[in-house]
There are 2 protein chains.
Amino acid sequence: MSEQGEFAVSPSIGGRHREIPEASVARLPVYLRALSGLAEAGHVTVSSEGLASAAGVNSAKVRKDLSHLGSYGTRGVGYEVDELVHHISNALGLTQRWSVVLVGVGNLGHALAGYGGFATRGFRIAGLVDADPSRVGEQVAGLTVRGIDELSEVVRTGDVSIGVIATPAGAAQEVCDLLVEAGVTSILNFAPTVLQVPDGVDLRKVDLALELQILSFHENRKSGVPAAMSS
Amino acid sequence: MSEQGEFAVSPSIGGRHREIPEASVARLPVYLRALSGLAEAGHVTVSSEGLASAAGVNSAKVRKDLSHLGSYGTRGVGYEVDELVHHISNALGLTQRWSVVLVGVGNLGHALAGYGGFATRGFRIAGLVDADPSRVGEQVAGLTVRGIDELSEVVRTGDVSIGVIATPAGAAQEVCDLLVEAGVTSILNFAPTVLQVPDGVDLRKVDLALELQILSFHENRKSGVPAAMSS
DNA sequence: ACGCGTTCGTGAACGCATTCACAAAGTCGA
DNA sequence: TCGACTTTGTGAATGCGTTCACGAACGCGT
């Protein structure tokens, strides 16, 4: 009874393990971070419950999420921390090193360039680029700022696939187009504006003002409606 | 036939207009920004289709979202830009000015303090706080950095309801607890760690490393599975 | 005044994500 | 070896968000 058919998907080459839902993908980095903490604290194994509380979610979600990677837990025991770190890193593609170009070296750009999270998680800053000629040549975080006209070259010679936009809103779409044209296929946008990208290019955004406004909504709700004081 | 019945919900006092779904709330700031652009470009009215393309979503979503605020569109015409800005601002609680305390004046903290998005959208930085004694007294963005021991006082005297955490990961939970204890009810966390807050406190996070890892996943998928690379 | 074209507002259908709940599979002590 | 206990992995149920599709309402030109 070798029931191959639809379950015999090779977990190795080609098709990982089905598709991992987007919502799960977004939580994997959180698990990874929680597991690092647990490993440092000396835990060899961890249960879904333990990982859940470290990651700030519930255990059912942890089990569902991890089940998308394969069956790496042991019933009655839990998950081996090191092994899980390896599998998650693998699923996220963190076993290989990705190169990043950072465009816009203003206040925020400086902070990002100096941010430790790049290097520690396998991301390499292949170049810093800015449109302001007075900034070109400046040394930031051990790198020399280059002109926007060199962006294409930086992307090609540095094997860059990820672009980070930290420019003012007005310049963001133009920079985005240049990045795409140069061959970048993933973009992280910090500029407070909506960007258009062609199919095949992944775009994520980080938006401070937006987050504050969402908090404002909830604050407003709290102060406006002092609980369920109807009746 | 004055069909009142269930449509005669007062949109003024008390119960706004039912509950606005979280997903809609998260898009309202985007609409607001798109509308600002449209207003500057001279548009007096805008259709759901027009707003949708400016905001990077589809028109059905726009109409559904806006319907939660009330019926402010005109069939056959669209929405009046100014009026819509007003209603969205109102729903988000942006007609009143919220005070913010920023904890952690490192690289990122500097960038945040200098970020224009605070002031331009009705948020006031009531104080900058840092635990490092060598930073206390320093002038940043026109404000004097104060010690962490003054946090509680800053919150109270400044009528602060929102706290922004831009400290290293190790200090974040402690700072978070202090903020909550001081009376802050909304927290925006930039530190790469999971925070625990009691019920009644809203928590949002902005996490660069997490975003990069999600992009990494998609890059990995793209390079691993050349997929439908037709013609 | 009236019909035509446009666009909103919304019930219904659909799909994705979360949660529930439990059988299966393992550990561990006696 | 065996039985009690723990914890995973996963179908099923539920809930939330998105999309569809269309009636209702409005402006405008004639």
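Reminder, nothing fancy here: chain letters follow the sequence lines and each chain counts from 1.
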Check: Rounded to whole angstroms, how far apart are NE2 on B/H68 and P on C/dC8?
Finding: 16 Å
Check: With no angle test and no hydrogens, is the base of D/dT8 tied to the side chain of A/R75 by a donor-acceptor pair under 3.5 Å?
Finding: yes
Notebook entry, point to check: Does A/K61 make a side-chain N or O approach to OP1 or OP2 of C/dT19 shorter than 4.0 Å?
Noted result: yes
Item checked: Residue closer to the 5' end of DNA chain C, A/R63 versus B/G78 (nearest nucleotide) -> B/G78
Margin query: With a cut-off of less than 4.0 Å, is there a side-chain N or O of A/N58 near OP1 or OP2 of C/dT19?
Written below: yes
Check: Any donor-acceptor pair under 3.5 Å linking the side chain of A/S216 with the backbone of A/L212?
Finding: no
Item checked: side chain to side chain donor-acceptor pair (under 3.5 Å) assessment of A/E80 paired with A/H43 -> CA-CA 9 Å; A/E80 199 172 332; A/H43 289 71; over 6 Å; no
Checklist line | Intermediate values then yes/no, side-chain contact (heavy atoms from CB on, under 4.5 Å), B/V25 and B/H68 | finding: CA-CA 10 Å; B/V25 171; B/H68 293 120; over 6 Å; no
Checklist line | Interatomic distance where CG belongs to B/D65 and C1' belongs to D/dT18 [whole Å] | finding: 10 Å
Note to self: Rounded to whole Å, how long is the line connecting atom CD1 of B/I20 with atom C1' of D/dC16?
What the structure shows: 16 Å
Checklist line | A/T74 vs D/dT8: side-chain N/O to OP1/OP2 distance below 4.0 Å | finding: no
Notebook entry, point to check: Please give, in whole Å, the distance from C/dT10 C1' to B/L66 CG?
Noted result: 13 Å
Next item on the list: Using heavy atoms to find the nearest nucleotide of DNA chain D for A/G73 and A/G76 separately, return the residue whose nucleotide is more 5′.
Entry: A/G76
Next item on the list: May I ask you to evaluate whether B/R27 reaches the phosphate of D/dT18, defined as a side-chain N or O under 4.0 Å from OP1 or OP2?
Entry: yes
Item checked: Length of the NZ-P vector between B/K64 and D/dG17, whole Å -> 12 Å
Note to self: Using the side-chain heavy atoms of A/A23, tell me which of these nucleotides is nearest: C/dT18, D/dA24, C/dT10.
What the structure shows: C/dT18
Notebook entry, point to check: According to a strict under-4.0 Å criterion, is A/Y79 in side-chain N/O contact with OP1 or OP2 of C/dG26?
Noted result: no
Next item on the list: Take the protein atom CD of A/E22 and the nucleotide atom P of D/dT18, then report the distance between them rounded to whole Å.
Entry: 14 Å
Margin query: Just the rounded figure in Å: distance from P of C/dT10 to OH of B/Y72.
Written below: 12 Å
Notebook entry, point to check: Do A/L215 and B/R204 pass the side-chain contact (heavy atoms from CB on, under 4.5 Å) test, and can you show the C-alpha distance, the side-chain angles, and the key distance before you say yes or no?
Noted result: CA-CA 8 Å; A/L215 286 180; B/R204 297 191 64 85; 3.8 Å; yes
Margin query: It should be established whether A/S47 places a side-chain nitrogen or oxygen under 4.0 Å from OP1 or OP2 of nucleotide D/dT7.
Written below: no
